Each structure stands twice: as structure tokens, then as C-alpha cells.
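The structure appears below as C-alpha cells.
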Amino acid sequence: MAKKDLNVIIVGGGFGGLGSAIELTRHGFKAHVYEASPDLTRQGDVIMLGSNCTRIIKKWGNVLDEILKIKSQPDTLAIQDKNGKVMLEQPLPKEFDGFPNIYTNRTKVQNFCYEYAKSIGVKFTFNARVNEYFEEGDKAGIVLNGEKLTADFVISADGVHSKGRAYVTGVADKAQKSGFAVYRCWFPISKIADHPLTKYIAESKKDMFAIWIAEDTHAILTTNVNLQTCTVFATHKDYSDIAESWHLKGDVKEMERAVEGWDPKLIQLVKSIPEDGLIDHKLLWRDPVKKWVSNKGRVCVVGDAAHPHLPTSGTGGASAIEDGATIAALLERTGDVPLALRSYMALRYERTALTQRMGWETRHRWHQTDWDEVAKNPAFLKLPQPVWLNGHDAEQYAYDNFDAVSANVLKQAPFTSTNVPDGHVHEDWTIATMMSAEGEKAEAGFYVVNND
């Protein structure tokens with residue numbers, strides 16, 4: 001079979017699924033996306049697209065141009081204590097290597113990607129809830145409404161509750177509770193224009209990004225001047241059994257209680273939230289697992305199905321798009337699907353395990369703040385924006401390392417990941433490792449991600 005004759009079924013229309021579909025189609029393969037939702041209009045509020053992501057999107061027709069029209073690019077991040085005292089004004093890089101770092105609306109970006117995917121020939125089927133996967137010979141597929149649908153391989157991009165991951169690993173494990181949830185909302189900035197405490201935010205000609213931190217809780221404000229919108233979030237403790245969902249309605253009064261006694265400006269921002277515009281998004285998690293590809297090598301997982309990130313990582317969507325670019329580049333080099341998919345995991349695992357942990361560590365720095373350390377070094381609180389993360393080119397990395405990583409997969413030849421910080425030595429970790437540090441300051445050596 002010629003490489004370009006390969007067909008792929010992709011389960012899930014989030015950033016991992018869309019990114020994989022676009023990248024594979026861009027490289028000449030044929031992709032069909034099956035999405036459980038009736039459309040792509042209810043998928044959240046704000047997303048950060050780092051330059052490691054926008055350098056990929058730059059190749060997607062006019063998608064990046066459209067995103068730039070609705071971008072937010074704050075100059076700094078103001079990190080404050082709960083009373084509003086600014087502890088750090090962190091400069092935020094606008095770009096790496098000429099590719100922008102962008103904050104913008106998740107749903108709008110997702111639909112730009114969807115429209116572009118359709119224009120280049122990606123097929124879509126909605127209301128398609130997939131629970132069953134299979135492999136037969138040199139084919140793989142899914143079962144939908146009792147019908148077997150077959151392709152050369154399957155990418156499972158179906159999120160933290162992934163059925164594809166259960167098929168790949170052979171273990172039907174449940175996503176674990178992180179112990180936290182996030183009140184999230186996105187609404188017109190005009191809602192805060194009439195109150196003296198928040199009027200200056202609405203009238204500002206510059207995009208704003210601010211965080212308030214305290215024990216077990218942090219709150220976030222972002223504004224988007226181009227869209228005339230703002231977001232107000234509050235991460236809070238939550239051990240309920242409700243599943244992760246973008247559609248679970250939040251209670252503004254409950255959100256107010258989460259930040260009771262905090263900065264009056266933040267409290268007023270919360271009071272301004274429209275009742276119908278708030279969700280309470282439960283944060284679920286899975287341990288990093290070293291198996292992203294099925295035994296027969298024709299079903300793999302990407303994005304949150306492989307490596308779910310906490311929002312404090314700031315790179316979950318970008319990482320999912322990197323996955324798709326990696327798979328497409330590897331298949332460009334070889335028509336051997338199992339080799340390409342196993343090489344994808346070998347290239348990506350250590351990087352994503354580190355970016356996952358980065359989200360936990362950042363949240364811990366904000367929730368269990370070592371104020372003595374902050375007094376000596378306010379940069380302790382920084383949101384990590386390292387060059388190894390944002391300066392990465394996933395597609396070129398796959399091309400450059402194909403020979404070495406395929407030798408590792410086929411012959412167990414040594415392979416060293418270089419898409420991580422210089423000198424980084426991978427260590428496996430679990431949710432239990434992270435949760436053991438909840439409620440107390442970290443011991444020496446706990447933080448492995450340098451946020452400088």
C-alpha cells in the first residue's frame with residue numbers, strides 16, 4: 001500500500017482530533033472524524049495557544065490569520081495574594097521564533113479549525129458515540145450503532161474518559177478526581193463597565209491577565225480587547241463524584257463563597273458574572289501511562305486520552321496538536337503504521353509527562369505558597385514559559401529523530417529525548433505522588449520543573 005492511500009478513523013473532535021485530522025490530511029492521508037457531540041459549539045471558554053502550537057497552525061490555510069483577529073496578548077501577568085497585593089509582575093513573551101503566543105476563545109478557535117478541516121477534505125460524523133474498538137489483520141476500526149467501520153488505523157482523541165485508552169491499555173480504569181474543580185465563565189466585558197471597582201478593566205485598551213492566590217484556591221481574570229470579553233475563573237477544592245463536563249451549571253453565589261473575604265475587586269468581578277454563563281468544571285486526571293499504542297499497533301491515543309493536563313499547565317491544547325503533527329510527520333517517513341505510532345509515543349512520552357507535572361507543580365506553588373521563598377524570590381510564583389516548551393517544533397523533531405527513534409522501537413537502541421529541558425532525567429510519577437504534597441509546603445526536591 002502506498003503511504004498516501006492510508007485511511008484513518010479519528011474518534012473525537014477536540015484539538016487532538018482536529019489537529020490529527022488536519023495534519024494527516026495535509027500530508028496526503030485520508031481522515032474521518034467521529035464526534036459524540038451534535039456540533040462543536042459548546043467546548044469551553046479560553047485557551048492558550050503557545051508558539052509551539054501556532055507554528056503548526058501557521059500551515060493551516062488562513063486559520064492563524066483568523067485567530068489573530070480575536071487574540072488576546074497581555075504584556076504581563078500580575079500575580080497577587082488574595083487581598084490584591086501584587087507579588088510579581090511577570091513579563092509574558094509575545095512570540096518565540098516569530099510564532100505568537102495567544103490567549104483566545106476556545107470555541108471560536110475550534111470552529112476555525114473545523115471549517116478548515118472540512119475545506120481540505122476531512123469527513124465528519126456527529127452524534128457518534130463510540131464505545132468499541134477492534135483490530136483485524138492490517139486494519140483497525142470502531143463499532144458505531146452496531147456497524148463495524150474500518151480503516152488502516154484509529155486515533156482515539158476522546159478525552160479524559162477515553163474508551164480508546166481502555167482498549168489500548170487493556171485496563172478499564174476510571175479517570176481520578178484531582179480534588180479540585182474550576183468555576184469558569186466567559187462574558188461581555190460591558191458587564192463590569194458600570195462598577196467603580198472594575199470600570200477601569202473594561203475601559204483598558206490593553207489585554208489583562210491577573211491571578212489571585214491563596215491556600216487551596218486561585219482565581220484568574222483575563223480580558224480580550226478584540227472580542228470585548230473577559231473570563232473569570234476560580235479553582236477550588238471539590239471531591240464530589242460528578243463527572244468532568246463543560247456543561248455543568250455553576251452557582252455564582254457558591255463561587256462568591258469560594259473567594260469570600262478576598263480582594264474587593266475580585267469579588268465584584270464574580271458578582272458581575274451572568275447566572276447563565278457560569279460552569280463548574282470538575283478536574284479529572286489519569287496517571288501518566290507508558291502505553292499509548294495497542295498491542296497490534298493500529299490504535300493509538302492522543303491529547304487528553306493519552307496525557308490529560310491541568311489548566312495550570314497552560315499547554316493541554318497545544319500538546320494535543322503537537323501529537324497530531326508528530327504522527328503525520330512519522331507516517332510521511334514510513335508506511336509502517338505500527339512503527340510510526342510506536343515511534344510517536346517514544347518521541348512524546350517524556351515531554352508530556354513533564355508538561356503534565358508542570359501543571360501540578362504550578363498549582364502547588366500557588367495553593368501552598370512558601371511565602372518566605374516568595375519574599376526572597378518572587379519569581380518562585382512564575383507561570384512557566386520555558387523555551388524548551390514554547391520554542392519546540394514537533395513536526396521537525398519527528399523528521400529529525402525518525403531514524404533514531406525507529407531503531408529504538410525496532411531494536412531497543414538507546415534513544416534520548418531532546419524535546420525536554422537540557423539535562424532532564426525522566427522519573428515516573430503518579431497522582432498519589434502529587435496528592436501527597438497537597439495541603440503542605442513542598443519538600444526539597446519536589447519541584448522538578450524549573451519555572452525560571
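Every heavy atom of this structure was used, including side-chain atoms; hydrogens, water molecules and symmetry mates were not. None of these values were measured; they are calculated from a predicted model.
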Legend entry - Side-chain heavy-atom pair H32, T125 within 4.5 angstrom cut-off: yes

Inset, instruction - Evaluate side chain to side chain donor-acceptor pair (under 3.5 Å) for S51 paired with E95, printing each intermediate quantity in order. - result: CA-CA 6 Å; S51 53; E95 52 84 24; over 6 Å; no

Inset, instruction - Looking only at non-hydrogen atoms, find the nearest pair between D428 and K290 and report the distance. - result: OD1-CE, 3.6 Å

Legend entry - Pairwise side-chain contact, D403 with R333, heavy-atom cut-off 4.5 Å (strictly under): yes

Inset, instruction - Let me know which of T326, I10, D323, I321 forms a side-chain contact (heavy atoms from CB on, under 4.5 Å) with V302. - result: D323

Legend entry - Shortest non-hydrogen contact from A306 toward V301: CB-CG2, 3.6 Å

Inset, instruction - Show your reasoning for whether side chain to side chain contact (heavy atoms under 4.5 Å, CB included) applies to V11 and I155. - result: CA-CA 6 Å; V11 180; I155 294 176; over 6 Å; no

Inset, instruction - Might you work through the side chain to side chain donor-acceptor pair (under 3.5 Å) test for S319 and R348, ending with a clear yes or no? - result: CA-CA 9 Å; S319 186; R348 299 281 298 151; 3.2 Å; yes

Legend entry - Sub-6.0 Å ring centroid separation between F209 and Y103: yes

Legend entry - Salt-bridge contact R184-D45 (side-chain N to carboxylate O under 4.0 Å): yes

Legend entry - Closest heavy-atom pair and its distance - D97, G391: OD2-O, 3.8 Å

Legend entry - F153 and V299, any side-chain heavy atoms less than 4.5 Å apart: no

Inset, instruction - Over 60° means perpendicular and under 30° means parallel, so classify the ring planes of H27 and Y399, tilted if in between. - result: tilted

Inset, instruction - Please report the closest heavy-atom contact between F415 and A346, naming both atoms and the distance. - result: CE2-O, 4.2 Å

Legend entry - Evaluation steps, salt bridge (charged side-chain N to carboxylate O under 4.0 Å, His left out), between D75 and K94: CA-CA 8 Å; D75 295 326; K94 296 289 183 74; 2.9 Å; yes

Legend entry - Whether H309 and H307 hold their rings parallel, tilted or perpendicular, with breakpoints at 30° and 60°: perpendicular

Inset, instruction - Inspect the surroundings of CD in E115 and state if more than 12 heavy atoms from other residues, nucleotides or ligands are less than 6.0 Å away. - result: yes

Inset, instruction - Using a strict 4.0 Å threshold on nitrogen-to-oxygen distance, state whether R357 and E361 make a salt bridge. - result: yes

Inset, instruction - Decide yes or no on salt bridge (charged side-chain N to carboxylate O under 4.0 Å, His left out) for D280 and K249, but give the supporting numbers first. - result: CA-CA 6 Å; D280 192 6; K249 182 175 171 56; over 6 Å; no

Inset, instruction - Start with the C-alpha gap between D158 and S156, add the side-chain angles, then the distance that decides, and say whether side chain to side chain donor-acceptor pair (under 3.5 Å) holds. - result: CA-CA 6 Å; D158 51 347; S156 173; 2.5 Å; yes

Legend entry - Short N-O contact, R26 and E395, less than 4.0 angstrom: yes

Inset, instruction - May I ask you to test the L383-T362 pair for a side-chain heavy-atom distance under 4.5 Å? - result: yes

Legend entry - Aromatic ring pairing W292/Y344, orientation class (parallel under 30°, perpendicular over 60°, tilted between): tilted

Inset, instruction - Check L278 against C185 and note the closest heavy-atom contact, atom names and distance. - result: CD1-CB, 3.9 Å

Inset, instruction - Walk me through it: do E23 and K59 pass the test salt bridge (charged side-chain N to carboxylate O under 4.0 Å, His left out)? - result: CA-CA 9 Å; E23 282 295 295; K59 301 166 186 174; 6.0 Å; no

Legend entry - Test: R351 and E322 ion pair at under 4.0 Å: yes

Inset, instruction - Over all heavy atoms of both residues, which pair between P100 and L68 is shortest? Give the atoms and the distance, please. - result: CG-CD2, 4.1 Å

Legend entry - K123 atom NZ, neighbour heavy-atom count above 12 within 6.0 Å: no

Legend entry - Ring-ring centroid check F134 Y167, cutoff 6.0 Å: no

Inset, instruction - Taking only Lys NZ, Arg NE, NH1 and NH2, and the carboxylate oxygens of Asp or Glu, determine whether D138 and R298 approach each other closer than 4.0 Å. - result: no

Inset, instruction - Would you mind telling me which of H364, H367, H236 makes a ring pair (Phe, Tyr, Trp, His ring centres under 6.0 Å) with F180? - result: H367

